[in-house]
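In what follows, a single structure is set out as structure tokens and then discussed.
None of these values were measured; they are calculated from a predicted model.
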Amino acid sequence: MARHLITSALPYINGIKHLGNMVGSMLPADVYSRYLRQRGHDVLYICATDEHGTPAELAAKEQGLPVAEFCGQAHDAQKAVYDGFGLAFDHFGRSSSAQNAELTQHFARRLNENGFIEERAIRQVYSPADGRFLPDRYVEGTCPHCGYDKARGDQCENCTRVLDPTDLINPRSAISGSTDLEVRETKHLFLLQSKLQVEVEEWIARTAGEWPQLASSIARKWLTEGLHDRAITRDLDWGVPVPADTWPELAAEGKVFYVWFDAPIEYIGSTKEWSDQNPADRDWKSWWYEADDVRYTQFMAKDNVPFHSVMFPATEMGVREPWKKVDYLKSFNWLTYYGGKFSTSQKRGIFTDAALEILPADYWRYFLIANAPESDDSSFTWEHFSATVNKDLADTLGNFVNRVLSFSRKRFGDDVPSGKEAGEAEAKLGTEIATLLAEYEAQMEALQFRKAASALRALWSAGNSYLEEKAPWLEIKTDPEAAALTLRTAMNLIHLYAVVSEPFIPASSKAMRGAFALADDTATWVTTEQAKALDTVPAGTAFTVPPVLFAKITEEDLESYRERFGGAPE
């Protein structure tokens, strides 16, 4: 059985992320990790804050803090939000760690030894007003491809095209806003990706066939356009320093590695951070080096695909060491807010900390995964959100749990009733549940999250259909033993839902599972036989009625949300 290494794109350190970031990487990675763990796989889910580059320096400057102090505080703030969303990382590290610095410098030295790094003199934007060279993100202007007037010097946020600062129209300093910019000569290190193009093409041909079309098409587009040699150092005060033993002149000038060079290496660095916490029991290298028994899955939004599908694999190839490369790259389109882009910089949309202030995490987890932008962009609206929560969570699942347990307690007391032996209706239900569960498993294995959510919803709906068909509120009047059978079967469905719904709604699943006082409730999944039998919770088991799992969102709630976050009914 393969071990599963899972990473999600590293969130930038400059501020709390919005829901688009959550659904584009970390949340689906968590859902998949949870599912694999429940199925008995050995899983390692790694992420970290991306703390280098201009976003960190600019954000720290804005808050009047030393950049190291700012990053420490921001890391803790982000981690608290992700804990609130129930993201079960094995480790959530920091790209500013000593482990990442050591590994980044190792990769750079090895690339240099193998002839894939070259020192070049280049002409770079210099700001007399700021008294410094301006790295890519310190330069803003108009994108020459799409006309977006807030494009950054490394990439256009609007069209996702990769840029150089000198490509921008009407460039300005992101520090001072000055348009009095010059172009001066300075030296930087370049990764010679052009020398690695054929190797990357051959690797993509072998590997990307099973990737989502979005990911494979972006990778192939880059390769078709030709891999260009790219500068991997910057003039910044904060970052992994260029090692003086290899490049003494550049080290003396204070050059640091480009954030997109060291950030992917932090996946390995974060794994080493995890291992170093308990080195006697954890071996970080077995997950990354000569790790032929590991299946590596990456999760990210489409703007991160080029770096992960081409640049990082090229880096790994160039070191001529057997580092693990991605097996499956799960990419996502954009989640929009009423048709417009979520934007951290423009503070448009719902941010994750604010989301948790108004509703529990499971509401957001379910909605986001059930509407994940897999095949195309998807739009968040408060109306769509409330309709999904009310129909799927409150009515289909929550109401089923509440009315079954409440009615049984009222009629039969605090223990699961016995009643008749299971009959034709229960056999039919068991077969249906087993079929639906197999569909749910198949979609989860295929990383088709919207389809998996649909299959999970169908499982919940099957319980309601059974309840409506058997109508225990009528059976109790003429045949209490039949009603007891129906309720016992429904309670077994609740326990089944608790187990298989955990990847989507872990807190609610825990509450459902905790309703039953089972002596040895250690099951991590439900077998086909168990799904057909529906007898995991035997008669006589004590139970309690948990608080309402999901409260409906009212029109008054919607009005307050729209007033706070913007947006209007469609």
Side-chain angles (χ1 to χ4, degrees), residues 7-22 24-27 29-30 45-104 130 135 137-138 152 154 157 174-176 234 236-241 254 256-260 262-267 269-274 276-277 304 342-358 361 364 565:
T7 63
S8 52
L10 309 186
Y12 276 127
I13 196 68
N14 60 331
I16 299 299
K17 305 298 121 180
H18 53 66
L19 294 183
N21 295 121
M22 179 63 69
S25 59
M26 290 174 283
L27 180 55
D30 179 72
Y45 176 23
I46 294 293
C47 193
T49 38
D50 183 0
E51 301 187 10
H52 292 143
T54 53
E57 287 196 359
L58 291 173
K61 182 176 183 292
E62 185 177 328
Q63 294 194 19
L65 292 173
V67 64
E69 182 179 343
F70 165 80
C71 287
Q73 293 180 7
H75 171 86
D76 292 344
Q78 286 199 25
K79 180 60 164 59
V81 172
Y82 304 145
D83 288 344
F85 265 86
L87 302 184
F89 304 113
D90 287 286
H91 186 69
F92 185 71
R94 302 181 60 183
S95 69
S96 62
S97 69
Q99 292 89 340
N100 191 44
E102 176 186 351
L103 283 160
T104 298
D130 300 308
R137 285 202 176 196
Y138 275 54
R152 303 184 304 246
D154 64 338
E157 186 184 44
I175 303 172
S176 62
R234 294 292 187 270
L236 291 169
D237 298 324
W238 176 248
V240 175
V256 301
F257 285 106
Y258 174 40
V259 62
W260 265 111
D262 83 86
I265 297 171
E266 167 58 12
Y267 296 129
S270 187
T271 308
K272 192 171 188 302
E273 294 170 46
W274 163 80
D276 287 350
Q277 291 177 346
N304 283 326
F342 280 84
S343 172
T344 300
S345 59
Q346 298 178 41
K347 295 181 170 55
R348 173 182 172 82
I350 308 161
F351 289 76
T352 48
D353 57 346
L356 294 178
E357 287 175 10
I358 59 175
W364 302 106
F565 297 100

Looking only at atom types and distance, does a side-chain atom of [X] sit under 3.5 Å from a main-chain N or O of [Y], one as donor and one as acceptor?
X	Y	result
Asn21	His18	yes
Asp90	Tyr45	yes
Ser95	Glu51	yes
Trp274	Gly93	no
Trp364	Ala355	yes

- [ ] Test Phe257 against Ile265 for side-chain contact (heavy atoms from CB on, under 4.5 Å), laying out the working first.
- [x] CA-CA 12 Å; Phe257 285 106; Ile265 297 171; over 6 Å; no
Task: CA sep, side-chain torsions, deciding dist, call: Arg234, Thr54, side-chain contact (heavy atoms from CB on, under 4.5 Å) - done: CA-CA 10 Å; Arg234 294 292 187 270; Thr54 53; over 6 Å; no
Task: Sequence-distant partners of Ala74, side-chain contact (heavy atoms from CB on, under 4.5 Å), two or more places apart - done: Ile13, Phe70
Closest non-hydrogen atom pair, [X] against [Y]:
X	Y	answer
Ala59	Asn14	CB-CB, 3.9 Å
Cys47	Ser270	O-OG, 3.1 Å
Arg94	Glu266	O-OE2, 3.2 Å
Phe89	Ser8	CE2-OG, 4.4 Å
Val81	Leu356	O-CD1, 3.7 Å

TODO: Answer yes if the side chains of Thr49 and Gln78 hold a donor-acceptor pair under 3.5 Å, and no otherwise.
DONE: no
- [ ] Starting at CG of Leu236, measure out to NE2 of His52 and round the result to the nearest 0.5 Å.
- [x] 10.0 Å
TODO: Starting at OG1 of Thr352, measure out to NZ of Lys17 and round the result to the nearest 0.5 Å.
DONE: 9.0 Å
TODO: Evaluate the side-chain proximity of Val67 to Asp237: yes if any heavy-atom separation is below 4.5 Å, no if none is.
DONE: no
Task: Min side-chain heavy-atom separation Trp238-Val256 under 4.5 Å - done: no
